[in-house]
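Here the structure comes first, spelled out in structure tokens, and everything after it is commentary.
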Amino acid sequence: MNVERIFDELGHFNRYQACLYFAVVFQAIACGIHYLASVFLVDTPNFVCSPPGNITDILYGNLTASSLEDILPVFKSGTGPLVVRTAEGEQWELSRCRCALRTSPRDFAYDFDGNKTVKACDDNFVFDHTEIQQSIVTEWDLVCEKEWLAKLCQPTFMLGVLIGALVFGDIADRVGRVRILMITSLGQFVFGVAVAFSGNYYFFVFLRFLLAMVSSGYLVVVFVYVTEFTGIRVRTWTSMHVHAAFAVGIMVVALTGYLVRVWWIYQIILSLCTSPFLLFCWKFPETPFYLMAKGRCKDAQTLLDAIARFNGLECRLRADELLEPEKRENGRALLEQGADELPAQTDKKLSILDLFGSWRMAGRTCTVWAIWFIGSFGYYVFSLGSVNLGGNQYINLFLAGAVELPSYLVGCYAMDRIGRKNTCAPALLLAGVACMLIIVVPSDIEALVIVLSMTGKFAIAIAFGLIYLYTCELYPTIIRSLAVGSGSMMCRVGSVVAPFCVYLADVWTFLPQLIVGILAFIIGVLTLLLPETLGKPLTTTLGEAEALGSKKKDGLEMNQCESKA
């Protein structure tokens, strides 16, 4: 089956493919939105325990006030308590997770050496609403002993991403790409809006888990969809720039978070951003690759005629002819030869162990897995951690998304000019160097810290974007799908671990950057040991095939890479 002839006849990226491409990529924006929405959903403002009784006076160092709302914007945890006096004459020392009642104070002063009665806050907190009017943290008091519940939101979402990619990727091969695109798009809208009306924390997490599954499912299938509708001449660019739509979603999150400070309104607006897609996604055609694979020649011919008419061309292709096997010079069909060779091809069922068939292959596999891991791990550490860099957190997140757009342009250009390895390795090394420089730069120079962080995000995005294609090209055909599938699993492991790494900033501000920097630098050096692929998949030599226990030779097939989900 030589379906690639379609693009030679009807155009690799003509009007029909371009319109379809930008339409389906538009919905990929929603994936970027939901993946990063938790940055502001779980934002924790300044807070202290709420004392019993009405407050009349407040002391904080040399500052005085009459209400907690006036003093909370300047209150810093770890610098000392707030001292308040109530209408009943009691004096309390308030900190974030406990309060202390002074015993028989003589006067109202900040320092006190007498006895105190310490007690827990009992879920009575006062939050600073200057920047954040309402988040799930303020809604359900997810602070102090409940803080871990707020921090669990993003890892559980990423677990849903992992499961969704596995489930919907498999179903798409069974029922078709278009049905999954429609189901997951509708699911993103329904679950996204439902999250806003969840009512309690556990239902909120459950709905976000379902939202993660459908978002991941869409992102996986849309990569397959666009690559099966575009020709090989532009396939690198079209697949890489699906990531750009994801980056636009991050920018939408930053803009919406800045304009809307109530979490459930924020969630509804984000879920409505790409809802117009639902009005026309049901008109999308199935891909020619899928129709041909299922033997639906009549539907395939109708699609080819429609593409030709829209592109202003005459369709000279016959779908049934594309399914006919090529003839050998001696007149014997390849199909017959394939039937003769079938027992030899199926002598051994390939497994993931075949990726470690030799020392050279084992080293290659470990390095590729490491690139998948650091690509996803670093990508989400830079993205989620951007709000903690200092300065305006909304601008930081917006820049973290915006810097990706030129990174994919540079990545595509560099891959074509200097190769995959010579693009991936310097990108990882640059990310590692940027992380190390963030640590040594004085913390009061916030602008330089932000610039270095954006440089690291720019570099890691290049490596993360190209590893999908690079993996396809590094392995012989008979184990290529195993390599891509196992690599994508490492990618998702990285995305699950990344939020926990971001939380290590509570231990030391620069610990996340240190971890990413060391890993990126080491893996960047290891990448230099990989072979260059010259922009095309490696073919399976007879020796490689026999080493894997199979006599199967390289065929004409296209293996699709999955997304950053």
Open item on the list: Tell me every residue that passes side chain to side chain donor-acceptor pair (under 3.5 Å) with Thr56, counting only those two or more places apart in sequence or in another chain.
Closed with: none

- [ ] With rounding to the nearest 0.5 Å, note down the distance linking CG in Leu152 to CG in Leu159.
- [x] 9.5 Å

Open item on the list: With a 4.5 Å cut-off on side-chain heavy atoms, are Phe168 and Val214 touching?
Closed with: yes

TODO: Write down the atom of Gln133, the atom of Thr138, and the distance for their closest heavy-atom approach.
DONE: O-OG1, 4.5 Å

Open item on the list: Taking atom CZ as the centre, does Arg179 end up with more than 12 heavy-atom neighbours from other residues, nucleotides or ligands that are less than 6.0 angstrom away?
Closed with: no

Open item on the list: Between Gln393 and Asn388 (side chain of the first, backbone of the second, donor and acceptor by atom type, cut-off under 3.5 Å), is there such a pair?
Closed with: no

TODO: Assess whether atom CZ of Phe125 is packed by more than 12 heavy atoms of other residues, nucleotides or ligands within 6.0 Å.
DONE: yes

- [ ] Can you spot which of Ile33, Ile265, Leu270 makes a side-chain contact (heavy atoms from CB on, under 4.5 Å) with Thr256?
- [x] Leu270

Open item on the list: Between Leu94 and Leu68, is there a side-chain heavy-atom distance shorter than 4.5 Å?
Closed with: yes

Task: Closest approach of His34 to Ser271 (non-hydrogen atoms, all atoms of both residues) - done: CE1-OG, 3.8 Å

- [ ] For the pair Tyr218 (side chain) and Ile183 (backbone), establish whether a donor and an acceptor sit closer than 3.5 Å, ignoring hydrogens and angles.
- [x] no

Open item on the list: On a heavy-atom basis, which atom in Val221 and which in Arg177 lie closest, and how many Å separate them?
Closed with: CG1-O, 3.7 Å

Open item on the list: Treating Asn46 as the side-chain partner and Leu72 as the backbone partner, does any N or O pair qualify as donor plus acceptor under 3.5 Å?
Closed with: yes

Open item on the list: Determine whether the aromatic ring centres of residues Phe75 and Tyr60 are separated by less than 6.0 angstrom.
Closed with: yes

Open item on the list: Just so I know, are the side chains of Ile71 and Val74 near enough to count as touching, which here means a heavy-atom distance under 4.5 Å?
Closed with: yes

Open item on the list: I'd like to know if the side chain of Thr227 reaches the main chain of Phe223, judged simply by a donor and an acceptor atom lying under 3.5 Å from each other, with no hydrogens or angles considered.
Closed with: yes

- [ ] State, with a plain yes or no, whether a side-chain heavy atom of Ser407 is found less than 4.5 Å away from one of Glu404.
- [x] yes

TODO: I would like to know whether Glu90 and Leu101 meet side chain to side chain contact (heavy atoms under 4.5 Å, CB included); could you show each step before the answer?
DONE: CA-CA 7 Å; Glu90 295 179 334; Leu101 175 64; 4.0 Å; yes

Task: Any side-chain heavy-atom pair of Asp43 and Glu131 under 4.5 Å - done: no

Open item on the list: For the pair Cys144/Cys97, is the SG to SG distance below 2.5 Å?
Closed with: yes

TODO: Output all residues satisfying side chain to side chain donor-acceptor pair (under 3.5 Å) with Glu69, sequence neighbours left out; order by chain, then residue number.
DONE: none

Open item on the list: How about CZ on Phe209, more than 12 heavy atoms from neighbouring residues, nucleotides or ligands closer than 6.0 Å, or not?
Closed with: yes

- [ ] For atom CZ of Arg96, decide whether the heavy atoms of other residues, nucleotides or ligands shown that lie under 6.0 angstrom number more than 12.
- [x] yes

Task: Test of ring centre spacing under 6.0 Å for Phe277 and Phe284 - done: yes

Open item on the list: Nearest 0.5 angstrom please: Glu139 CD to Ser198 OG, how far?
Closed with: 8.5 Å

Task: Main-chain N/O of Pro45 paired to Asp128 side chain as donor or acceptor, under 3.5 Å - done: no

Open item on the list: Using a 3.5 Å distance criterion without hydrogens, assess whether the side chain of Ser50 forms a donor-acceptor pair with backbone atoms of Asn124.
Closed with: no

Open item on the list: Once rounded to the nearest 0.5 Å, what's the spacing between atom CZ of Phe189 and atom CG of Leu272?
Closed with: 5.5 Å

Open item on the list: Is any side-chain heavy atom of Ser185 closer than 4.5 Å to one of Trp282?
Closed with: no

TODO: Could I get the full list of side chain to side chain donor-acceptor pair (under 3.5 Å) partners for Thr274, not counting sequence neighbours?
DONE: Gln27

- [ ] For Val42 and Leu142, run side chain to side chain contact (heavy atoms under 4.5 Å, CB included): C-alpha distance rounded to whole Å, both residues' side-chain angles, the deciding distance at 0.1 Å, then the answer.
- [x] CA-CA 9 Å; Val42 300; Leu142 304 181; over 6 Å; no

Task: Minimum heavy-atom distance between Leu20 and Tyr225, given as atom pair plus value - done: CD2-OH, 3.6 Å

Task: Interatomic distance, Leu36 atom CG to Cys31 atom SG [nearest 0.5 angstrom] - done: 11.5 Å

Open item on the list: With side chain to side chain contact (heavy atoms under 4.5 Å, CB included) as the criterion, how do Cys153 and Phe204 come out once you've worked through the C-alpha distance, each side chain's angles and the decisive distance to 0.1 Å?
Closed with: CA-CA 9 Å; Cys153 287; Phe204 169 86; 3.8 Å; yes

Task: pair Asn396-Val387: side-chain heavy atoms closer than 4.5 Å - done: no

Task: Ring centres under 6.0 angstrom apart (Phe246, Tyr35) - done: yes

TODO: Apply side chain to side chain contact (heavy atoms under 4.5 Å, CB included) to the pair Leu41 and Gln267, showing each step before the final yes or no.
DONE: CA-CA 8 Å; Leu41 284 173; Gln267 178 66 32; 3.7 Å; yes

Task: Residue Asn54 excluded, over 12 heavy atoms near CG under 6.0 Å - done: no

Open item on the list: Can you classify the ring geometry of Tyr379 versus Phe464 as parallel (below 30°), tilted (30 to 60°) or perpendicular (above 60°)?
Closed with: tilted

Open item on the list: Check whether Lys457 reaches the backbone of Ala400 with its side chain - one donor and one acceptor, N or O, closer than 3.5 Å.
Closed with: yes

Task: CG-CG distance between Leu452 and Leu437, expressed to the nearest 0.5 angstrom - done: 5.5 Å

Open item on the list: Less than 3.5 Å apart, any donor N or O on the side chain of Thr86 or Trp92 sitting next to an acceptor on the other?
Closed with: no

Task: Nearest atoms (heavy-atom pairs only) where Pro499 meets Gln154 - done: CG-CG, 3.5 Å

Open item on the list: To the closest 0.5 Å, what do you measure between OG1 (Thr527) and CG (Leu428)?
Closed with: 5.0 Å

TODO: Name the orientation class of the two ring planes belonging to Trp508 and Phe510 (parallel below 30°, tilted from 30 to 60°, perpendicular beyond 60°).
DONE: perpendicular

Open item on the list: Test your reading of the model: is there a side-chain donor-acceptor pair from Arg85 to the backbone of Gln91, 3.5 Å cut-off?
Closed with: no

Open item on the list: Keeping Tyr470 on the side-chain end and Val368 on the backbone end, is there a donor-acceptor pair under 3.5 Å?
Closed with: no

Task: Nearest heavy atoms of Phe229 and Thr287, plus distance in Å - done: CE1-CA, 3.6 Å

Task: Backbone of Val161 reached by a side-chain donor or acceptor of Ser216 within 3.5 Å - done: yes

TODO: Return the orientation label for the Phe127 and Phe47 ring planes: parallel under 30°, perpendicular over 60°, tilted otherwise.
DONE: tilted

Open item on the list: Could you check whether any side-chain heavy atom of Cys501 comes within less than 4.5 Å of a side-chain heavy atom of Phe377, counting everything from C-beta outward?
Closed with: yes

Task: Aromatic centroids of Tyr394 and Phe40 separated by under 6.0 Å - done: yes

TODO: Identify the residue among Ile439, Val440, Val433 that makes a side-chain contact (heavy atoms from CB on, under 4.5 Å) with Met436.
DONE: Ile439

